[in-house]
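For reference, the structure is listed below as structure tokens.
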Amino acid sequence: MSALRVGQLAWLSLALLQVLWHGWLRAAPPELIPVVLALALLPLALPLLARSAVRRLWWAAVAALLYFSHGVMVAWAMHGLPRALGCSELLLAVLLIGATGAAGRRAR
């Protein structure tokens with residue numbers, strides 16, 4: 001599997017994790033769920049505006065730095081399910097950033 005494909009799958013998985021975490025598992029009031037999901041997914045959706053697949057993936061990796069920081073914070077401060085979700089977020093962000101670096105090297 002190519003690094004570009006791995007990065008795209010990690011990007012999609014990170015977005016699905018946000019939907020699962022903030023849309024289904026989080027105990028937010030039902031009227032706030034659309035707002036929370038929009039805020040959680042907006043940084044991952046903005047790279048879709050880039051022209052090429054490599055540039056989209058690069059911008060997604062830049063956005064993944066935010067999710068990496070969030071994952072570290074949650075994994076450090078929480079226990080139970082939130083800690084597992086934070087660790088998953090952290091690992092997916094690292095996978096996305098690493099795959100982007102590999103895809104960028106191959107694109108040159």
Legend entry - L92 side, atom CG; L9 side, atom CG - distance, nearest 0.5 Å: 10.5 Å

Inset, instruction - Could you list who else is in L16's hydrophobic cluster, with ILVMFWY side chains joined at under 4.5 Å, directly or through other members? - result: L12

Legend entry - For A3 against A102, the heavy-atom pair lying closest together: CB-CB, 3.7 Å

Inset, instruction - Could you note down all residue pairs passing side-chain hydrogen bond (donor to acceptor under 3.5 Å, both in side chains) where residues 33-48 supplies at least one of them, sequence neighbours left out? - result: none

Contacts under 3.5 angstrom, residues 79-86 side chains, donor-acceptor by atom type, not counting sequence neighbours:
{"unit_1": "R83", "atom_1": "NE", "unit_2": "A75", "atom_2": "O", "d": "2.9"}
{"unit_1": "R83", "atom_1": "NE", "unit_2": "M78", "atom_2": "O", "d": "3.0"}
{"unit_1": "R83", "atom_1": "NH2", "unit_2": "A75", "atom_2": "O", "d": "3.4"}
{"unit_1": "R83", "atom_1": "NH2", "unit_2": "M78", "atom_2": "O", "d": "3.1"}

Identify each donor-acceptor pair in which a side-chain atom of residues 38-63 lies under 3.5 Å from a protein atom, sequence neighbours left out, and give them as a table.
{"unit_1": "S52", "atom_1": "OG", "unit_2": "R55", "atom_2": "N", "d": "3.2"}
{"unit_1": "R56", "atom_1": "NH1", "unit_2": "A50", "atom_2": "O", "d": "3.1"}
{"unit_1": "R56", "atom_1": "NH1", "unit_2": "R51", "atom_2": "O", "d": "3.2"}

Legend entry - Q8: partners by side-chain hydrogen bond (donor to acceptor under 3.5 Å, both in side chains), with sequence neighbours left out: none

Inset, instruction - May I have all residue pairs that pass side-chain hydrogen bond (donor to acceptor under 3.5 Å, both in side chains) and include part of residues 63-72, sequence neighbours excluded? - result: H70-E89

Inset, instruction - Output all residues satisfying side-chain contact (heavy atoms from CB on, under 4.5 Å) with A10, sequence neighbours left out; order by chain, then residue number. - result: L95, L96

Legend entry - Heavy-atom side-chain proximity of W21 to V74 below 4.5 angstrom: yes

Legend entry - Hydrophobic cluster of V72, others only, ordered by chain and residue number, side-chain cut-off 4.5 Å: F68, L90, L91, V94

Legend entry - Exercise: identify the closest heavy-atom pair between L14 and A64: CD2-CB, 4.3 Å

Legend entry - Shortest non-hydrogen separation from H22 to V36 and the atoms involved: CB-CG1, 3.7 Å

